[in-house]
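Data first, discussion second: the structure below is written as C-alpha cells.
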Amino acid sequence: MMDRSTPSGYWKTATGTASFVYSADRHPVGLKKSMLFYRGREPSGRKTKWKIDEFWALDNAANGSEELLAQLCRSRQNVGLMVCNQSLN
C-alpha cells in the first residue's frame, strides 16, 4: 500500500475497494479509487471536504495479466448540493 500521508493529514479510502473503469466495448481499462482527506494523524484525524479520485490505467497484456501503466488523480472539494433562491418576476 502506498503512503498517502502529508505533513497536515492523510488520505483515507472512501469506497473500500477500487472499482473497474470500462471502455466503450466493455473491457476493463483501469481502476478508480475514491479517498477523503483527514486533517491530523490516524486514527483521530478530522474529516475535511476534500475528495480525491485516483485513476489507474491498466494494460491488458496478451497473457491475461494486468500491468499498471499510469496513475492520475483528480482532487476537489465535496461541497454537496447548493440551492439558490431566485425570483421569477
What's the spacing between [X] [atom1] and [Y] [atom2] if we round to 0.5 Å?
X     : Y     : atom1 : atom2 : value
Thr17 : Lys33 : OG1   : NZ    : 8.0 Å
Lys47 : Lys12 : NZ    : NZ    : 9.0 Å
Thr48 : Tyr38 : OG1   : OH    : 8.5 Å
Ser34 : Phe55 : OG    : CZ    : 7.5 Å

Could you tell me which non-hydrogen atom of [X] sits nearest to which non-hydrogen atom of [Y], and how far apart they are?
X     : Y     : result
Ser8  : Phe37 : OG-CZ, 3.8 Å
Pro7  : Arg41 : O-NH2, 3.3 Å
Lys32 : Val21 : CB-CG2, 3.9 Å

### Message
Could you go through Leu31 and Phe20, starting from their C-alpha distance and side-chain angles, then the distance that decides it, and tell me whether this counts as side chain to side chain contact (heavy atoms under 4.5 Å, CB included)?
### Response
CA-CA 4 Å; Leu31 296 169; Phe20 280 101; 3.6 Å; yes
